[in-house]
Amino acid sequence: MKFNSLIDMGLVQESGQTSQAPWGLINNIYSDIIFVKNTPILVNVFQEDINSLSMNYEFQLKDNSVNASIDDISENDIKKEVSRIFDLDFDLDKFYRYLSNDSKLKPSAKFCRGLRLFLAKDYFESFVSSIASANNSIIRWTKSISKIRQKWGNEIQFPSGTFYTFPSPEILKSVYEDDLGEYEGCGRTIEIECCIKNLKSCGVGYRAPYMKKTSEIFTIETDIQEIPTMKYEEAFETVLDLPGVGPKVADCILLYGFGFREAFPSDVWIKRIISYLYFPGKDISVDKVREFGMEKFGAYAGYVQLYLFHHARKSGLMKKLK
DNA sequence: GTTCAGGTGAGCC
DNA sequence: GGCTCACCTGAA
């Protein structure tokens, strides 16, 4: 089945949006489990040919599935969810016309043609993933998320193979934090050097307690459920209250997770890029850069951030700015 | 072996 | 309120 919207799937997957790690990649097909009406569905997405920049998808229900037949879930439900995750209704042509009006933004459109938001398939996953991304590299972050899924996610068999879901808040809030916790927790029945099923063993470092606490809050907090209906400012304050969530991570959760396109996630790289383009020779604080981006780009702030960041990454501007 | 990059939170003023 | 520094890991 096919979507006709312009999209570069490889670019979306590798763009480091913290709502989720890149989907599994085999033979140019990206695969992951999404949930439609609480039923796990394996989705494969791929480009028919590299030049077309349109996207195909197919799906599978799990093996031995008794209660989940395609009768309960319409193909249209699945299509709508895939379309939502890749933000396919966003009008890229209109956005490119907007970019072409600013000579500083214009080059990024060509470099990142077909780049779209990679929205959360699961809100909890986007919170934990974003917290794990703070002060981290994309490579290390991706490895950590993959380990978390393999250690605590549900293993589900599909016709084309075994996949792991992202673990639930109930599971993640009670996992061991580090080697010592695991050693003590299992009654010292194993050597401490052999402890491998704790959060720090996934390489998340000091973020482990933040991730556990946020998982616990997720099992009780009700405010979080209201975020999709909130205005941006209120949503920002709500998300900021969580441990391990500062302004940067909050904006990542709101933009990549929930699709608040007025968010302008600002880290040192965006600060360097914005300073280089709009305030040459000056040192603008990250906080000021965030204000500047939201004020100047308005409803397009999130997409502009996405495009500037990846243009800088791909064009070698980042190395130059460092 | 050492140094460094990368956001957040705690402790301090 | 603002400022400084520790936090963990892996790459250089």
Side-chain angles (χ1 to χ4, degrees), chain A residues 14-22 126-151 172 175-183 192-193 195-218 221 224 233 235-257 260 263-276 283-294 301-302 305-306 308-310 312-313 316-322:
Chain A
E14 307 305 325
S15 60
Q17 299 184 53
T18 62
S19 55
Q20 58 209 295
S126 85
F127 275 80
V128 175
S129 297
S130 297
I131 290 170
S133 77
N135 204 17
N136 210 339
S137 72
I138 291 179
I139 295 171
R140 208 166 75 207
W141 168 75
T142 308
K143 285 181 188 164
S144 293
I145 300 298
S146 164
K147 284 182 186 171
I148 288 170
R149 288 171 68 140
Q150 282 177 34
K151 288 181 189 190
L172 215 51
V175 302
Y176 297 122
E177 192 170 304
D178 52 22
D179 287 350
L180 189 59
E182 186 178 348
Y183 176 66
I192 195 160
E193 294 81 11
C195 290
I196 52 158
K197 206 167 177 185
N198 61 78
L199 261 187
K200 281 197 182 176
S201 69
C202 301
V204 300
Y206 57 85
R207 305 162 195 84
Y210 304 148
M211 294 161 77
K212 279 194 63 173
K213 280 178 199 151
T214 290
S215 302
E216 188 172 354
I217 292 168
F218 239 84
E221 181 72 44
I224 294 172
E233 289 299 339
F236 185 74
E237 296 302 323
T238 303
V239 174
L240 260 192
D241 279 343
L242 293 164
V245 178
K248 160 71 187 339
V249 169
D251 275 333
C252 285
I253 291 169
L254 292 181
L255 176 61
Y256 308 133
F260 282 89
F264 193 74
S266 300
D267 57 11
V268 294
W269 286 109
I270 285 296
K271 167 194 151 133
R272 287 167 189 160
I273 296 163
I274 289 291
S275 300
Y276 169 77
D283 188 32
I284 312 294
S285 73
V286 170
D287 199 49
K288 290 284 178 209
V289 165
R290 174 174 175 264
E291 285 175 25
F292 171 81
M294 295 207 299
Q305 191 267 11
L306 199 54
L308 284 179
F309 189 83
H310 293 288
R313 237 178 118 192
L317 178 61
M318 280 193 170
K319 281 176 187 160
K320 188 179 156 191
L321 292 179
K322 202 170 183 178

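Chain identifiers are assigned alphabetically (A, B, ...) following the order of the sequence lines, protein sequences preceding nucleic acid strands; residue numbering begins at 1 within each chain. Just so it is clear, the values below take in all heavy atoms, side chains as well, and ignore hydrogens, waters and symmetry mates.
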Checklist outcome for this item: Distance col, row M211(A):CE vs I131(A):CD1, nearest 0.5 angstrom, shows 7.5 Å
Checklist entry - Rounded to the nearest 0.5 Å, how far apart are CG of D283(A) and NZ of K288(A)? => result 13.0 Å
Item to check | L240(A) versus G246(A), closest heavy-atom pair with distance | outcome: CD2-C, 3.4 Å
Item to check | Atom-pair distance (NZ on K319(A); P on dA5(B)), nearest Å | outcome: 16 Å
Checklist entry - So what does V286(A) hit on the nucleic acid, given a heavy-atom distance under 4.0 Å: a base, only sugar-phosphate, or nothing? => result nothing
Checklist entry - 5'-most contact on DNA chain B: N136(A) or L240(A), nearest heavy atom basis? => result N136(A)
Item to check | Rounded distance in Å - CG (D287(A)) to P (dT8(B)) | outcome: 11 Å
Nucleotide N/O to protein N/O under 3.5 Å, stretch nucleotides 3-10 of chain C:
{"residue": "dC8(C)", "atom": "OP1", "partner": "K200(A)", "partner atom": "NZ", "Å": "3.3"}
{"residue": "dC8(C)", "atom": "O4'", "partner": "Y206(A)", "partner atom": "N", "Å": "3.3"}
{"residue": "dT9(C)", "atom": "O2", "partner": "R140(A)", "partner atom": "NH1", "Å": "2.4"}

Item to check | Test item: R207(A) side-chain N/O and G244(A) main-chain N/O as donor-acceptor pair under 3.5 Å | outcome: no
Checklist outcome for this item: Rounding to 0.5 Å, atoms CG (L242(A)) and OH (Y210(A)) come to a distance of 13.0 Å
Item to check | Separation of atom NZ in K248(A) from atom C1' in dA5(B), rounded to whole Å | outcome: 13 Å
Checklist entry - With a 4.0 Å cut-off on heavy atoms, is R290(A) in touch with a base, just the backbone sugar-phosphate, or nothing at all? => result nothing
Checklist entry - What's the verdict on side-chain hydrogen bond (donor to acceptor under 3.5 Å, both in side chains) for Q17(A) and S15(A), showing C-alpha distance, side-chain angles and the deciding distance? => result CA-CA 6 Å; Q17(A) 299 184 53; S15(A) 60; 3.1 Å; yes
Next on the checklist: Rounding to an integer number of Å, can you tell me how far I139(A) CD1 sits from dA12(C) C1'?
Outcome noted: 13 Å
Checklist outcome for this item: note: L242(A), atom CG; dG9(B), atom C1'; distance rounded to Å ~ 14 Å
Checklist entry - Which residue, K213(A) or D267(A), contacts DNA chain B at a nucleotide closer to its 5' end, judged by nearest heavy atom? => result D267(A)
